[in-house]
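Reviewing the structure listed below.
One is the number of the first residue; the rest follow in order along the sequence.
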Amino acid sequence: MPYTLRLALSPAYGARHALGKAFITLMFPISVAVTPVWAEAPEVVALGDSLTAGYGLAEGEGFVPQLQAWLDAQGTPAKVVNAGVSGDTSAGGLSRLDWSLTPETDALIVTLGGNDMLRGLDPAMTRANLDQILSKAGERGLKVLLIGLPGPANFGPDWKKQFDAIFPDLAAKHGVLLEPSFLAGLGAADPAAVQALMQADHIHPNAEGVKRIVAQIGPRVQELLAE
């Protein structure tokens, strides 16, 4: 009875092994079933501010490493690159976009606008900066997941209305995936429970908070990779 030998062939497995394969085939009555080696895992750049960078958290507890671990556990091939800079505004993200991306980049997660919001910057400026980021990503043929944040009420209802409209408007304009709020995974029904998931500054999530955020956003990243 012939035996089946399963070989994983890399692109380099070629002419230099052909003679060896022929010899094995002649010496033994085997059939060879080739298991293909998949291309390198797609690279996803996470462009953002301190929420992306993992501010105040130990190594391995931030958004990017926890997202990477979640994708690995799901069996979803991906390499997530941390391009988060604490304190960055949408203007800062735009200014460093070109050198944050490489020829190997396949997709982009954009989580910017939080510092614009904290500083009460004109929502029109935030919109213009994010619009340019998405345009540049489109020119490179990158798939994008845009992650928003709900605007606060302390700058007035008109400011909040303008800010909240930025993310759905731009996602529709550029045809990209949208996650309306980075913090949605924390829930909102019980403010006290939410605060237990935040660091002492009440702005940045703690490790458990990030875990819940990743559980919410992870499936959207899978959608991004599926595209």
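- By the 4.5 Å heavy-atom criterion applied to side chains, H204 and M198 are not counted as neighbours.
- Looking only at atom types and distance, the side chain of T89 has no donor-acceptor partner in the side chain of N115 under 3.5 Å away.
- In this structure the side chain of T126 never reaches within 4.5 angstrom of the side chain of M117, judged on heavy atoms.
- A heavy-atom distance below 4.5 Å is found between the side chains of E227 and L177.
- D106 has no carboxylate O lying under 4.0 Å from a charged side-chain N of K143, or vice versa, which leaves the two without a salt bridge.
- For the side chain to side chain contact (heavy atoms under 4.5 Å, CB included) with I133, the lone residue among V144, L94, L170 that qualifies is L94.
- In this structure the side chain of L224 reaches within 4.5 angstrom of the side chain of V44, judged on heavy atoms.
- Salt-bridge check for R220 with E223: passed, with a basic side-chain N closer than 4.0 Å to an acidic carboxylate O.
- Counting heavy atoms from C-beta on, the side chains of F63 and K211 never come closer than 4.5 Å.
- Pairs of residues two or more places apart, or lying in two chains, never qualify as side-chain hydrogen bond (donor to acceptor under 3.5 Å, both in side chains) while including a residue from residues 51-60.
- A distance of 6.0 Å or more separates the ring centres of F155 and F163.
- The side-chain heavy atoms of P42 and L225, taken from C-beta on, include a pair separated by under 4.5 Å.
- Salt bridge status for D169 with R127: present, with a side-chain N to carboxylate O gap under 4.0 Å.
- With contacts defined as side-chain heavy-atom distances shorter than 4.5 Å, the pair D98/R140 qualifies.
- With contacts defined as side-chain heavy-atom distances shorter than 4.5 Å, the pair L108/L97 qualifies.
- Judged by distance alone, the side chains of T102 and E104 do bring a donor and an acceptor atom under 3.5 Å apart.
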